[in-house]
Amino acid sequence: MSGSIQPSRPARQLEFTRRPGPDAGRPIALAALFFYHAGTMLDLKFIKDNLDAVRRNIENRFMKADPELVVRLSDERSAAIQALDEKRRRRNEVAALMKGKLDEPARAALIAEGKSLKDDISALESRAETVEKELADAMSRIPNMAHPEAPVGKEDKDNLEVKRVGTPTKFDFEPRDHVALGALLDVLDFDAGTKVTGTKFYFLKNEGVILEMALMRFAMDRLMAKGFMPFSTPDLAKTEILEGIGFNPRGAESNIYALAEEDLCLIGTAEITLGGYYAGQVLDKADLPLKLVGVSHCFRREAGAAGQFSKGLYRVHQFTKAEMFVYCLPEDSGKLHEELRLIEEEIFTALDIPFRVVDTCTGDLGAPAYRKWDLEAWMPGRNGGEWGEVTSTSNCTDFQSRRLNVRYKDDDGKNKFVHGLNGTVLACSRAIVAILENFQEADGSVRMPKALVPYTGFELIRPKAKR
RNA sequence: GGAGUGGUGUCCGAGCGGUUUAAGGAGGCGGUCUUGAAAACCGUUGUACCGAAAGGUACCGGGGGUUCGAAUCCCCCCUGCUCCGCCA
């Protein structure tokens, strides 16, 4: 016996590092299920038939991908499979012949041919597998097509403002930023976060904790009332799922933390886990649209983001978020995308936070999105008052369902890919920035938005005396 | 984490080297019969890929191996259940 609180065995290291080597220890099962069988035909057919449009789309998004390579590898793949199938057909034929009575020379000849076929098949299989992998890799780099009306541009400043709700908050005093307010109210501690975990980590304290819980419950109540099924998801997911949703878990530019010794990554959003929930399934058409809302922690490396907006809660390595996810019939995704945006608008309207809506430009869409709306809240403490992204909703059409192999059985009896959409309900970090900065008073006190009071149980957070 | 025991088509469930091109049920679909229905009987019944088509190939949890030939034998892994250990 020991009164020690030490663990009986060493805790597994959960290092925030990238994976040690390419594909280290990665099981192939899911990859086989999702990629090598997943509807490559439609995809390929589209790329072949619309090569120019595909190439132009890649340029508009300022991405690197090679559709010609996809076409070439696709042809190679077909040839390899044809050769392989023919050998296998003959092998089966030879094996069938062996079932009957045979004289010794005929028998020996068949065995010899069978042996030779076995070698041929083995060689052809490895060639086909190589081509298949190269093709899957080349295809995975091709981004989704963009909505024809999405503004063409490179960076977020090319996004198009389409709507404004409320007016930027005015103060008859010099407003503080949320970092100063967080310290004054003792609801936010970045120094301790840095000491214990690292830069861009933080502790919520006191009313800050309750505010986060209130925001989540507020979000869930509203979404459940709209028929969304609530989830609390894992905070980690397998690499295959990440890739299926369209994230690149590896590479220096990756925004994803990968565990050093397992095929797992910390999720950057519950979009990953909610989208993965139905991976590999054929959904009942009558159940569509499936509307999910999930709470999770979100982890982002934000490598190289140590610039001007790096201070405070705006860009952090971990935050809590409620996220919507929808799988629907292809013909309904446009309508549902509007619905998700309206929900996001409703949430921020209910919180009395001024915001605008932007139509995200092609360069800022990310590979999976066909179209994306961002909500930008007014943040009085940001550079003396600026719009800052608080939520985002994307229509990813069949980009994710194709990779995750999520389908529905249509009336014609064929299995077809569903469309997938996602949208932020509330990201706690940025919502808290907006609330602290917009609802501050001259002495640094912060009022709670009326809609939130039933959830927080308090109306005002007052400055704390220094201890 | 340890031990035992399973993972077969939409479902249940046989098969344990070539008579299985996966038996037999159930369900679904189509048909016969019937005033209608039930019953009975007959037929049909998945997914993916290659191919202009005819047709072919693959799939019995996943991967690899043995063999002329594997659902069937061997190895590894995943996963369900039962028990033990540990733990919130």
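All values reported here derive from a predicted model rather than from experimental measurement.
The phosphate of B:U57 has OP1 or OP2 within less than 4.0 Å of a side-chain N or O from A:N92. For B:U47, the OP1/OP2 oxygens have a side-chain nitrogen or oxygen of A:K409 closer than 4.0 Å. Not one side-chain nitrogen or oxygen of A:R90 sits closer than 4.0 Å to the OP1 or OP2 atom of B:G56. Side-chain N/O atoms of A:R77 include one lying less than 4.0 angstrom from OP1 or OP2 on B:C50. OP1 and OP2 of B:G51 both lie 4.0 Å or more from every side-chain N or O belonging to A:R89. For B:U67, neither phosphate oxygen OP1 nor OP2 lies less than 4.0 angstrom from any side-chain nitrogen or oxygen of A:K115. A sub-4.0 Å separation between OP1 or OP2 of B:G51 and a side-chain N or O of A:S78 is present.
Tested against A:Y257, the residues A:R300, A:R301, A:H317 include a single side chain to side chain donor-acceptor pair (under 3.5 Å) partner, A:H317.
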Chi angles and distances behind the ring pair (Phe, Tyr, Trp, His ring centres under 6.0 Å) call for A:Y277, A:F325 | CA-CA 10 Å; A:Y277 190 86; A:F325 196 96; over 10 Å; no

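A:D412 pairs by the salt bridge (Lys or Arg N to Asp or Glu O under 4.0 Å) definition with A:K416, not counting sequence neighbours.
Ring orientation note: the planes of A:F190 and A:Y202 are tilted relative to one another, at an angle of 30° to 60°.
Stretches of at least 3 consecutive Watson-Crick or G-U wobble pairs, with each checked distance under 3.5 Å, appear in RNA chain B as B:1-7 with B:78-84, B:10-12 with B:24-26, B:27-32 with B:40-45, B:46-50 with B:55-59, B:61-65 with B:73-77.
Side-chain atoms of A:T269 and A:K321 include a donor-acceptor pair closer than 3.5 Å.
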